[in-house]
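One structure is given here, and the rest of the page talks about it.
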Amino acid sequence: MGDPRRRVPRTDVLLAHPRLAEAERVLGRALVKAVVTDAQDRARAGEIEPEQVAEHAIAALPTAATTLRPVVNATGVVVHTNLGRAPLSRAALDAVVTAGRATDVEFDLATGRRARRGRGAMAALADAVPAAGGVHVVNNNAAALLLCALTLAPGREIVISRGELVEIGDGFRIPELLESAGARLREVGTTNRTSLRDYSSALGPDTGFVLKVHPSNFQVTGFTADVPIRELATLDVPVVADIGSGLLAPHPVLPDEPDATTALRDGADLVTASGDKLLGGPQAGLLLGSADLVEKLRRHPAARALRVDKLTLAALEATLRGPEPPVARALGADVAELRRRAEALAARVPGAEVVACAAAVGGGGAPGVELPSVAVSLPESCAEPLRSGSPAVVGRVERGRCLLDLRTVDPADDELLLAAVRACMS
Ligand SMILES: *Cc1c(COP(=O)(O)O)cnc(C)c1O
């Protein structure tokens, strides 16, 4: 037969293979060609037979044109930063698909004229928080804070408690963000205690605003005091409250977590929050507050650089108007129901056990709050194969066991989870 390398099929022949041609329509030529070239190289290197090239290329085809892979979040961390924070509701996902095509995001179909961008999402937000005179949405909460600093305190001072100089994660520090906007920070009080006097004696002609930041990922306990928004509102300067998590109204399961409605009723002039934490929507920065101030922010030149995409507007509106998103479902889940699901799963997997455990809200808020939960407990050795499966299942390893916490798993995914667990236990 001569040199086997001469028998390696040509690229055009391989790309004409029905399975590879079909894949090219879904994934595009570059991705398919890459797996074909790789399989040809392996045949030339003698790792596989030339006759197996097509088969190997087909097996190596990616399932989608993105390298992002779906994950079942069984960590018990409701808002898991590394897993993309809030998963979207079905309604929000559908809205993203609609908005991904040509859409009337900035167009009035009745008149044929330009219309206010994202008016549906803005109306939904305004309806959800009647206490807000004005609303605006930017790229994330960091962008919302940046816009406040750029608009209200360029070259001026932002007064903030030393107990609220927060690092959010991945080296992102709120004080540094504000300084990058050309504002100066005027730190008041101490790490554990700050009083209204500390704030009032720091105010002067250079004050841009007072910033109240929710310590959303740590707790200071013991001899502590901070100043509630209600008291800060008695000062004669704008009060901006960064509530972090994006709760729009008080939540029964998280009584200590700040919410936008209460912050505004207590006298905050502006509230900033994330869209993809406890609100359960897309990444976004919510700005709510006095109509005048919100309009000022909206008119700042930098607002254009911070504006959100149509996909975000669509997902946000559907999150606000549509059915309960997964984050809300996870927070409100009934423990008896979680136990029933865990028992149903464990009954079908020899070696699996049901254990009580504690879930957490996560980097999104409510530090220290434990949510009673129930997990399917597997040998620790399952953690790795579950993570590398399809879909990937991410649990948490605790005391030598791999726990799959059902509070953060959508009940609709229980069958997927079962199949993944069975595969790794067999
Ligand atoms: C999460 C958080 C932020 C950052 O929000 P992003 O939407 O990620 O930019 C800012 N402040 C607080 C208090 C937070 O909890």
Side-chain angles (χ1 to χ4, degrees), residues 14 17-39 42 47-48 52-90 92-94 96-97 100 276 325-327 329-330 341-342 344-352 362 375-398 401-426:
L14 288 163
H17 185 289
R19 276 287 289 111
L20 293 169
E22 166 60 20
E24 187 180 323
R25 277 188 287 280
V26 179
L27 299 170
R29 191 175 181 84
L31 281 177
V32 178
K33 211 172 150 199
V35 298
V36 162
T37 307
D38 191 53
R42 291 183 61 197
E47 291 169 26
I48 59 175
Q52 296 175 308
V53 169
E55 180 193 327
H56 276 264
I58 289 165
L61 281 172
T63 50
T66 167
T67 54
L68 288 177
R69 293 177 51 201
V71 172
V72 175
N73 174 10
T75 61
V77 178
V78 176
V79 178
H80 198 300
T81 304
N82 302 146
L83 300 182
R85 290 192 181 159
L88 295 180
S89 66
R90 184 74 248 168
L93 291 171
D94 290 345
V96 168
V97 172
D276 55 353
V327 165
R329 199 212 65 243
R341 286 169 57 205
L345 282 167
R348 293 160 74 188
V349 184
V376 174
S377 167
L378 305 171
E380 184 177 344
S381 59
C382 283
E384 196 278 328
L386 282 172
R387 275 201 317 277
S388 46
S390 186
V393 174
V394 183
R396 70 173 184 273
V397 172
E398 223 172 77
R401 301 287 291 177
C402 170
L403 301 188
L404 303 180
D405 189 323
L406 292 189
R407 186 179 277 275
T408 52
V409 177
D410 188 328
D413 288 342
D414 281 2
E415 284 301 315
L416 270 179
L417 191 64
L418 176 68
V421 170
R422 278 189 159 158
C424 90
M425 291 291 274
S426 64

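Just so you know, residue 1 is the first one in the sequence shown, and it goes up from there.
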Rounded at 0.5 Å granularity, tell me how far [atom1] in [X] sits from [atom2] in [Y].
| X | Y | atom1 | atom2 | value |
| --- | --- | --- | --- | --- |
| Arg396 | Thr75 | CZ | OG1 | 7.5 Å |
| Glu47 | Gln52 | CD | CD | 11.5 Å |
| Leu93 | Leu88 | CG | CG | 5.0 Å |
| Glu380 | Glu398 | CD | CD | 11.0 Å |
| Asn73 | Asp413 | CG | CG | 10.5 Å |
| Leu403 | Leu378 | CG | CG | 8.5 Å |

Open item on the list: Going by salt bridge (charged side-chain N to carboxylate O under 4.0 Å, His left out), name the pairs with one or both residues in residues 28-37, residues two or more places apart or in two chains.
Closed with: Glu24-Arg29
Indicate the atoms forming the closest heavy-atom contact of [X] with [Y], along with that distance.
| X | Y | result |
| --- | --- | --- |
| Ala86 | Val79 | N-CG1, 4.5 Å |
| Val376 | Ala352 | CG1-CB, 4.0 Å |
| Val327 | Pro87 | CG2-CD, 4.1 Å |
| Ala330 | Arg407 | O-NH1, 2.8 Å |
| Ala39 | Ile48 | O-CD1, 3.6 Å |
| Ala57 | Val35 | O-CG2, 3.7 Å |

Task: Evaluation steps, salt bridge (charged side-chain N to carboxylate O under 4.0 Å, His left out), between Arg19 and Glu55 - done: CA-CA 10 Å; Arg19 276 287 289 111; Glu55 180 193 327; over 6 Å; no
Open item on the list: Using the rule given for side chain to side chain contact (heavy atoms under 4.5 Å, CB included), can you reason through Thr408 versus His80, listing the C-alpha separation, both sets of side-chain angles and the distance that settles it, and then say yes or no?
Closed with: CA-CA 10 Å; Thr408 52; His80 198 300; over 6 Å; no
Taking C-beta and beyond as the side chain, do [X] and [Y] meet within less than 4.5 Å on heavy atoms?
| X | Y | answer |
| --- | --- | --- |
| Cys402 | Pro379 | no |
| Leu404 | Val409 | no |
| Cys382 | Met425 | yes |

Task: Pair Asp38 + Arg42: basic N to acidic O under 4.0 Å - done: no
Task: side chain to side chain contact (heavy atoms under 4.5 Å, CB included) assessment of Leu386 paired with Val394 - done: CA-CA 7 Å; Leu386 282 172; Val394 183; over 6 Å; no
Task: Listed partners of Asn82 passing side chain to side chain donor-acceptor pair (under 3.5 Å), at least two apart - done: none
Task: Any residue meeting side chain to side chain donor-acceptor pair (under 3.5 Å) with Arg387, in chain and number order, not counting sequence neighbours - done: none
Task: Identified side chain to side chain contact (heavy atoms under 4.5 Å, CB included) partner of Val32 from the options Leu14, Leu20, Ile58 - done: Leu20
Open item on the list: If only side-chain N and O atoms count, and only distance matters, is there a donor-acceptor pair under 3.5 Å linking Arg401 with Ser377?
Closed with: yes
- [ ] Kindly indicate, with the supporting measurements, whether the criterion side chain to side chain contact (heavy atoms under 4.5 Å, CB included) is fulfilled by Arg329 and Asp410.
- [x] CA-CA 8 Å; Arg329 199 212 65 243; Asp410 188 328; 3.8 Å; yes
Open item on the list: Could you go through Leu406 and Leu417, starting from their C-alpha distance and side-chain angles, then the distance that decides it, and tell me whether this counts as side chain to side chain contact (heavy atoms under 4.5 Å, CB included)?
Closed with: CA-CA 10 Å; Leu406 292 189; Leu417 191 64; 3.7 Å; yes
